[in-house]
Each structure stands twice: as C-alpha cells, then as structure tokens.
A.B. asks: 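Take this structure first; my questions come after.
Below, chain A is the first sequence line, B the second, and so on; all start at residue 1. Just so you know, these numbers come straight off a predicted model, no measurement behind them.
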Amino acid sequence: MNTEPTRPSNFIRDIIEADLAAGRHRTIRTRFPPEPNGYLHIGHAKSIWLNFGVAEDYRGACNLRFDDTNPHKENPEFVAAIQDDVRWLGYDWADRLYFASNYFEELYGFAVELIEKGLAFVCELDAEAMRAYRGTLTEPGRPSPYRERPVAENLDLFRRMRAGEFPDGSRVLRAKIDMAAPNMNMRDPVLYRIRHGVVHHQTGAEWCLYPMYDFTHPVSDALEGITHSLCTLEFEDHRPLYDWVVEHVSVPGRPRQIEFARLNLKYTVMSKRRLTELVEQGHVAGWDDPRMPTIAGLRRRGVPPAAIRDFCRRVGVTKADAMVEMGVLENCVREDLDATAPRAMAVLRPLKVVIDNYPADTTETLEAPRHPKDAAMGRRELTLAREIYIDREDFREEANKKFKRLVTGGEVRLRNAYVIRCEEAIKDPDSGEVVELRCSYDPATLGADPVGRKVRGVIHWVPAYQSLAAEVRLYDRLFTAPVPGAGRENKDFIADLNPESLVVLKGCRIEPSLATAAPGERFQFEREGYFCLDGDTGDAGIPVFNRTSTLRDSWSRTEAGG
RNA sequence: UGGGGUGUAGCCAAGAGGUCUAAGGCACCGGGUUUUGAUCCCGGCAUUCCCAGGUUCGAAUCCUGGCACCCCAGCCA
C-alpha cells in the first residue's frame, strides 16, 4: 500500500498537521462510519480513502464503525457486504470493528446524565405537533409544553420508555437547547425515539429505545478516542450540536468534526435512495451490476481497487461542491490496466476468413508476449489455421485511405502473425451480407515486413476451430444525462436511464489461452478494451466477459469527423 | 427579509501580499515512435483568479459591498 503515490495535501491534512504540531494530539484516530442500509458506492470510497489514508500517513489508526441506530433500514447483508468492500479496496481495520449499537448502554447513561443536568426532557408532542412548534427557517420555534418538566419526572419517564411502557411515537427524549436558534438543529433536537417490534441485527430485541444520529455520533467518536471525525458537508449545520453533546456529557474525549464535499460523478447517481430504487425496481441486475457506481459493481466490472484509490487521490478533498467527469475514473482504470492486464485476442463480431493458400490439414503454433512492455508476464501460444475469424468491423469492401484495416484487394497484418490479402468477399445471395472472406497470406511476413510495400493496418484474429465461444457484455454509462433527473418533473431520474447501457454479444470467439482464466481476472483484448471474466456463465456454460473500459479511440473520432 | 457553506480554465484542483504575465491531473488540439488507430514521447491549452469598489510600491491572496450556487424545518443518517 505504501507504493502508492504521495497523497496530495488538502485542508484536512493541514488541520491534522497543525493539531499534531501544537501537541493537541500525540496520535491521530479516524473512523469510517457507514450505516448498513445499503451497499457502499464510489462516494464512500472517497471517505474510506480519506479516513484510512490519513490515519496511515500520520501513523494513527482508522476504525470501522457501523452507525446502526435505525434498525428499520439496516440488515446483516449490508454489514457483511460493507466489510467485503472496504477490505477489497485495500484497507484493514484490524481488531477495530465497532458498532454504535455496542454503546447503547453507555449512550443511555449519558442521556440520563443530560436529564440530571436539566439538559434533556421527555416530550409528548407527536411528530406533527413537534414540527409546528419547531418554527420555520425564518421564524423561531416555541418551547414544548413539556420542556420544564422536573428532573425526577423526566428520569422516571425515560426509564419507563426504556422499559417498554409507552407505544411508538408517544414520547421522545429531547435536548433542551434553544427553540429560537437560527440553526434548526439546535431547536431542542430529538435524542431518543421509541421503536417496538424491530429486531436489531446486533442487539436483537433488547431495546425498544433507539438513539438518534446526532446524539450517537459524537458519543461514539469520543468513546473510541477519535481525534478527527470527518464527514460530508451536509453535516456542517450539525457541528454545533455535535460540540454541544461532547461538551455536556462526560465522555472521555474531545473529537473534532471536519466536513468535506461529497463526491458527485456525472452520468450516474450516488444517493442511497436512488441506488436502492434502481435495484428494487429491477432497472439493474443487483447492487453488483457492473453499471452501478457501487464498489461491488465496480469490482464486478473489473475496475482494480488501486484505480479507485488513485481516482480518490486525483479528485482531491475540498469543501467546494464538485461534479467530476467520468473520464477521470476511466483514465485511472486504463492507466492501471494498461500496466497490469495481460493481452489477449478476442473477436467480438466474428467474420470467417479462409486463407486459401494456407495448408488445410495443419495448424501452426505462434508465440506472443502477454504484455508488450512487461516481459516478466511471459508469453502465450497462439494457434494459426487455414480458417480464422476477424471482426466484422475490420473489413470493408472498399474504403478511403484513412481506413487502415482490410478491404477487398488490400493487405493487413494479422496481429502476431502474417500479412494477408483479401481476394474476395463472399456474400449471402439473398441479403447481400458479407459472410466470408477468401484471403491469401504471405509466408515471408512472420515477424518481418513485406518487401516492396508497406502494410499499415494490424487487426486481431482467432482460429476458427481452436478458439473458444464466449459471451461479452458491453457496458456504457447508466444514464444519458450528466445529472440524471435534473430539469424533469419530480426529478425523475429513471427517465434518464440509458437504454443501451448494456449490450450483450453472445457469439464471440476468444483465443485458446483464455481457457484457464479465473473469474475476476482482467485482460486487455487487444484493440477492443479491458475485460474481466465474470462469475456467471452464458448459454451452454460459456464464459462471460464484462467490458471494464474501452481503449482510448482516436479512430472513431477521425471517422465521425469525416 | 433565518442560519451554515462554496465560488481559480470544459471538469477536478494547487495557491495563504511580491518567486503568479497562476502548479498538477482529466478533457481537448497538434507532432513523433509503434505488428494494439492502444501505450509511450514532445508541444499547445487562464495577462487571469464570481463581480464592483477600496487598502498597498505591489492582491487570486487583505477590507467593503454585491451576485451566483449548495445544505438545513425526519421521532433518517
């Protein structure tokens, strides 16, 4: 992990360095605090990278803590998936796995402390009434009629709330702060609510009283000795409340909350609500659908964890709302995969080629490097035969000089093999479609340029009978709009789904050496892109490859531009 | 007409009174190498820092006043 390029400076690191220099802390402690109510996405990756990275750089530690105070939305599947994803990203929390629910008893004690100090009270206003009392953004709220209840009564009521004597929604515990505060979060915020009949994934049926985030988070941070509690910008308004809790309750630490801007990516969505909707309404195949911006989706797509870390580093950490282009991620993926992915040949849309002057009853074994710039990756064997497949896109009956591939009467280099000439294109008499090419090859061109002429194009190929059948799934951006739902009625992001985000190619042929590939292995199919072997199999058990990314393609631009 | 934030190139982002006629990355535009139209290499790409005043010998950096955008009225996190 330390072979990674230096993490650039940012305002959070500046704060940490200043704190260290001033002797406010001897060592740094951070935490990544997901709520287990969904899968992690690339926005979380930024937080994970920041929290674990900063801890690593300043020789501190980062805890993994599940913020599990709302049993209605949380479940063990998410708890497990989140751990898998953090680990896969390359981070290790050692024995520091925590749950906010582990602190329920302490939390309860601190709530009692607040009541005893006259800083919290049991309120019987229902949700609607409480909203009315809260006031608005421009008008102050009014105090709850229950605000001045005696301490002893509050204590008794709170104990009975825990004991299960009151139904859901009948009572809450509230902090007594300031109903006229311009910051809505300070208008006597709710600290505890009653939830009967839910089985919490960690604490079971032990509690019917659950603490709110604003109370739980600062206490949990303090209990764990967190020095810097990093969170996203929308919690900025909560910081005064965070500080209030830390100050008024006898916790052992003084954590400091620092907010940074969350990651936004064009052409995708990042909110848990929207991702959940995509999954539950079946717009994608699941949380790990390769089109999803989830960590699980990116993993299945073939994106290497190092590319995600690099992406986080490049994007930076600031307080300015940012909308990052997909191109940055794609570049990180290509950069990593160019260096690490073995090369192979795969023909996605096969067109049969018969090399007429090649002996019919033999094949030839050729060798090719697994990587053009990394000899250590070794070599692989290719089988050349009289009948091969090339991609339909690499042949045109006629074309102008810019088309560097095969045309009738023209020559092209078969990658890692000979130069061939197309003598004739055989067409289906009914449809006129080209169904086969009759070619000849020049035996003198293996590893050597032909004499007296130059061949500009190189195309990939596979042997017709020795190659393997495969299914290839081509992925494109999930949405057609840079900000899905923007400008639509009800922000209807579903309407911006890209109908061509997935194209399945079933008749593909891949080179024989791919027979031993294992699920999760990544390759560059030369001239096509980067692909990752999926765990699924296609028709008749054939392997399935997911396209992680195309190669950069200046040809399509040239051609489109005329 | 409340509070909290943010504004540097198409997209991110350094920068903290002079070394800024403003780093770096992505994108884009050339040119070179190449048995991947890939990679790689070389070059180009903000006289300008949301706007307007002001302070100063000197400002993206300080002051004042505007403007724009984001977040907040869950017994969600």
A.B. asks: Show every donor-acceptor pair shorter than 3.5 Å between a side-chain atom in residues 208-215 of chain A and any protein atom, with sequence neighbours excluded, or say none if there are none.
C.D. replies:
residue : atom : partner : partner atom : Å
Y210(A) : OH   : W207(A) : O            : 3.3
D214(A) : OD1  : H238(A) : ND1          : 2.8
D214(A) : OD2  : H238(A) : ND1          : 3.3

A.B. asks: For a quick check of understanding: with a heavy-atom distance under 4.0 Å over all strands, which category does N416(A) fall into, base, sugar-phosphate or nothing?
C.D. replies: base
A.B. asks: Quick one: is rC75(B) close enough that its OP1 or OP2 comes under 4.0 Å of any side-chain N or O from R195(A)?
C.D. replies: no
A.B. asks: Before accepting this row, confirm whether a basic side-chain N of the pair D67(A)/R31(A) lies closer than 4.0 Å to the acidic partner's carboxylate O.
C.D. replies: no
A.B. asks: Taking atom C1' in both rA60(B) and rU48(B), compute the distance separating them and give it to the nearest angstrom.
C.D. replies: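 About 9 Å, rounded to a whole number of Å.
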A.B. asks: Taking only side-chain N and O atoms of R262(A), does any of them lie within less than 4.0 angstrom of OP1 or OP2 on rC70(B)?
C.D. replies: no
A.B. asks: Out of rC12(B), rC72(B), rC75(B), which has the shortest distance to the side chain of D126(A)?
C.D. replies: rC75(B)
A.B. asks: Tell me whether the OP1 or OP2 atom of rA13(B) has a side-chain N or O from T318(A) closer than 4.0 Å.
C.D. replies: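 For rA13(B), OP1/OP2 do have a side-chain N/O of T318(A) under 4.0 Å.
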A.B. asks: Output all residues satisfying side-chain contact (heavy atoms from CB on, under 4.5 Å) with V54(A), sequence neighbours left out; order by chain, then residue number.
C.D. replies: R13(A), I16(A), T30(A), L50(A), Y58(A)
A.B. asks: Looking across every strand, which nucleic acid part, if any, lies under 4.0 Å from K319(A) by heavy atom: base, sugar-phosphate, or nothing?
C.D. replies: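 Answer is sugar-phosphate: K319(A) comes under 4.0 Å of backbone atoms only.
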A.B. asks: Can you tell which of rA38(B), rG2(B), rA13(B) lies closest to the side chain of A322(A)?
C.D. replies: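 Selected nucleotide (nearest to the side chain): rA13(B).
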A.B. asks: Taking R343(A) first and then D338(A), would you say they form a salt bridge - that is, a charged N and a carboxylate O separated by under 4.0 Å?
C.D. replies: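 Yes, charged N to carboxylate O under 4.0 Å.
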A.B. asks: Just name whichever nucleotide pairs with rC76(B), Watson-Crick or G-U, keeping both distances under 3.5 Å, else none.
C.D. replies: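 The answer is none; no pair meets the criterion.
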A.B. asks: Which part of the nucleic acid, if any, lies within reach of G169(A) when heavy atoms closer than 4.0 Å are counted: base, sugar-phosphate only, or nothing?
C.D. replies: base
A.B. asks: What's V172(A) touching, base or sugar-phosphate or nothing? Going by heavy atoms closer than 4.0 Å.
C.D. replies: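 The answer is base, as V172(A) lies within the cut-off (heavy atoms under 4.0 Å) of a base atom.
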A.B. asks: Distance check: side-chain N/O of R334(A) vs OP1/OP2 of rA38(B), anything under 4.0 Å?
C.D. replies: no
A.B. asks: Syn or anti for rG74(B), with syn set at within 90° of 0?
C.D. replies: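 Base orientation relative to the sugar is syn.
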A.B. asks: Do the ring planes of F104(A) and H200(A) sit parallel (below 30°), tilted (30 to 60°) or perpendicular (above 60°)?
C.D. replies: perpendicular
A.B. asks: Could you measure between the two P atoms, the one in rC70(B) and the one in rU61(B), and give it in whole Å?
C.D. replies: 25 Å
A.B. asks: Can you tell me, in whole Å, how much space there is between the P of rC26(B) and that of rG66(B)?
C.D. replies: 41 Å
A.B. asks: Please state whether the rings of F525(A) and F523(A) are parallel, tilted or perpendicular, taking 30° and 60° as the class boundaries.
C.D. replies: parallel
A.B. asks: Within the structure, does a side-chain N or O atom of R193(A) lie under 4.0 Å from either OP1 or OP2 of rC76(B)?
C.D. replies: yes
A.B. asks: Pairing check on rC67(B): which nucleotide meets the Watson-Crick or G-U wobble criteria with it, both distances under 3.5 Å?
C.D. replies: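 The base-pairing partner of rC67(B), which may sit in any strand shown, is rG7(B).
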A.B. asks: All N/O contacts under 3.5 Å from nucleotides 28-32 of chain B to the protein, with atom names and distances to one decimal?
C.D. replies:
residue : atom : partner : partner atom : Å
rC28(B) : OP1  : R557(A) : NH1          : 2.7

A.B. asks: Decide, yes or no, whether a salt bridge links R65(A) with D221(A) under the criterion of side-chain N to carboxylate O below 4.0 Å.
C.D. replies: yes
A.B. asks: Between atom CZ in R162(A) and atom P in rC75(B), what is the gap in whole Å?
C.D. replies: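 For the pair R162(A) CZ and rC75(B) P, the rounded distance is 23 Å.
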A.B. asks: Could you work out the separation of rA77(B) and rC41(B) based on their P atoms and round it to a whole Å?
C.D. replies: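 Between the two P atoms, the distance is 50 Å.
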A.B. asks: Please determine if E277(A) and K272(A) form a salt bridge, counting it only when a charged side-chain N lies under 4.0 Å from a carboxylate O.
C.D. replies: no
A.B. asks: Name the nucleic acid region contacted by R527(A), choosing base, sugar-phosphate or nothing; use a 4.0 angstrom heavy-atom cut-off, strictly under.
C.D. replies: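 Base, at least one base heavy atom under 4.0 Å.
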A.B. asks: For T69(A) and rA77(B), is the shortest distance between a side-chain N/O and OP1 or OP2 below 4.0 Å?
C.D. replies: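 Yes, because at least one side-chain N or O of T69(A) sits under 4.0 Å from OP1 or OP2 of rA77(B).
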A.B. asks: Please measure how far the P atom in rA59(B) lies from the corresponding atom in rC67(B), and state the result in whole Å.
C.D. replies: 26 Å
A.B. asks: Under 4.0 Å, counting only non-hydrogen atoms across every strand here, what does Y210(A) touch: a base, just sugar-phosphate, or nothing?
C.D. replies: nothing
A.B. asks: Counting any heavy atom closer than 4.0 Å, what does D68(A) reach on the DNA or RNA strands: base, sugar-phosphate only, or nothing?
C.D. replies: nothing
A.B. asks: Considering just the side-chain nitrogens and oxygens of R313(A), establish if one lies under 4.0 Å of OP1 or OP2 belonging to rA14(B).
C.D. replies: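 False: R313(A) side-chain N/O out of range (4.0 Å or more) of rA14(B) OP1/OP2.
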A.B. asks: Can you figure out which of rC72(B), rA38(B), rC75(B) approaches the side chain of S554(A) most closely?
C.D. replies: rA38(B)
